[in-house]
Amino acid sequence: MTAAAVPTSASQAQRVEELGQIILAYSEVTDRLQISHDELKTKVIQLQTELGEKNRELERRNRLAALGEMAAGLAHEIRNPLGGIQLYASLLAQDVADRPDSVNTVRKIVSGVKRLEALVSQVLNFSREIRADLEECDMAELIRDAVDVAQAKAQAHGVSVTLHAPASMMRTADGRLLTQAALNLTLNAIEAGGEHVDVTLTEEAGRMSLIIEDDGPGIPADLLDRIFNPFFTTKDDGTGLGLSIVHRIVEAHGGAISATNRPQGGARFELRI
Ligand code: ADP
């Protein structure tokens, strides 16, 4: 063995240092790979979630379109005979004018027909396409109007409604549709069975937010997914169309609506546009 072949302690130390550097570089590469792998995994999960949401949305739209068509067909079929029943009931009312019991029965028929007519109009309204006619409007004023309209019902239910809104909030929107959405949500909150409803209108980073909260029993967890479906109702006299119309109004503005339960109890609806 020559002297040159024998490793000196200096060259040994150099090798150890080189090995150390290689291991360090390797571990840096592994760390970077791990980070990109984690980032990719997060991205894939995010894309999968987005795709799932879009698919669910598409399914929902298709279901709604089919349901809307069927409901409109049915409503038209019901409307004609209803007109006939109303006419015959008014003729009958004249014939039995001298018999109070019969007059009372005819009155019940007429009031039943009126309720059916109102339902048919709502169904036809619901099945029509909702298109937002955008114009400059003062959302604060429109929401104030909606809350004012709801006050009569609030008083009848012993519920107080408080509005938190700026003096004015100019937005490009369909004021009539958004007033209807705010009114539907406020009336539901009043009917929920609590004592107080808060309606809050704010604007942040160009997005408008309308929050309607009540202190009623809240929405049972297993129903949260279904409340926006047309004809879904838990009320004896409900049509189940209110929230589905609100959903479509928000959609027509490219916005979003969410329903949650407040930690302290009661329901919270937030509409963002
Ligand atoms: P309707 O009022 O005719 O029942 P909606 O579409 O407005 O139709 O509401 C659907 C259902 O959503 C209601 O029947 C009720 O079960 C539930 N819901 C809506 N708003 C509230 C609320 N603020 N608190 C609890 N449940 C609610």
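This chain uses plain numbering: 1 for the first residue, then up along the sequence. In each ligand, atom 1 is the first atom listed, and ligand 1 is the first ligand listed.
Salt-bridge formation is not detected for the pair R61/E59: no Lys NZ or Arg NE/NH1/NH2 atom is positioned less than 4.0 Å from an Asp or Glu carboxylate oxygen. A salt bridge does not link E129 to R248: none of the charged nitrogens lies less than 4.0 Å from a carboxylate oxygen.
Given atom 23 (N) of ligand 1, the protein heavy atom at minimum distance is D214 OD2, 2.8 Å. When hydrogens are left out, the protein atom nearest atom 21 (C) of ligand 1 is F269 CE1, 4.0 Å; that is the closest non-hydrogen contact. Of the protein's non-hydrogen atoms, the one nearest atom 20 (N) of ligand 1 is N188 CB, 3.5 Å.
The distance from ligand 1 to the heavy atoms of G218 drops below 4.0 Å at these ligand atoms: 25 (C). Here is the list of ligand 1 atoms found below 4.0 Å of a heavy atom in T239: 3 (O). Close contacts between ligand 1 and L243 involve ligand atoms 5 (P), 6 (O), 7 (O), 9 (O), 12 (O), 19 (C) [criterion: under 4.0 Å to a heavy atom]. Listed by number with element, the atoms of ligand 1 under 4.0 Å from a non-hydrogen atom of T233 are 1 (P), 3 (O), 4 (O), 14 (O). Atoms of ligand 1 found under 4.0 Å from any heavy atom of G238, numbered from 1 in the order shown, are 3 (O). Close approach of ligand 1 to F232 is summarised as follows: ligand atoms under 4.0 Å from at least one heavy atom of the residue are 10 (C), 11 (C). Taking a cut-off of under 4.0 Å to the non-hydrogen atoms of I227, the atoms of ligand 1 that pass are 10 (C), 12 (O), 17 (C). Contact atoms of ligand 1 toward I219: 25 (C), 26 (N) (distance under 4.0 Å to a heavy atom of the residue).
Ring geometry for F269 versus F228: interplanar angle over 60°, hence perpendicular rather than tilted (30 to 60°).
Counted within 6.0 Å of CZ on R107, heavy atoms from surrounding residues, nucleotides or ligands total 12 or fewer; the atom is thus considered open. Around CZ of R99, the count of heavy atoms belonging to other residues, nucleotides or ligands within 6.0 Å does not exceed 12. Within a 6.0 Å radius of CG in D101, no more than 12 heavy atoms belonging to other residues, nucleotides or ligands are found.
For atom 13 (C) of ligand 1, the choice among L185, T234, N261, L224 with the nearest heavy atom turns out to be T234.
When only interatomic distances are considered, the shortest N/O to N/O separation between K235 and ligand 1 falls below 3.5 Å.
Nearest approach of V123 to F231, heavy atoms of both residues: CG2-CE2, 4.0 Å.
Residue F228 does not touch ligand 1, judged by heavy-atom distances below 4.0 Å.
For the residue pair E203 and S209, no side-chain donor N or O sits within less than 3.5 Å of a side-chain acceptor on the partner. Judged purely by distance below 3.5 Å, without hydrogens or angles, the side chains of D198 and H164 pair a donor atom with an acceptor atom.
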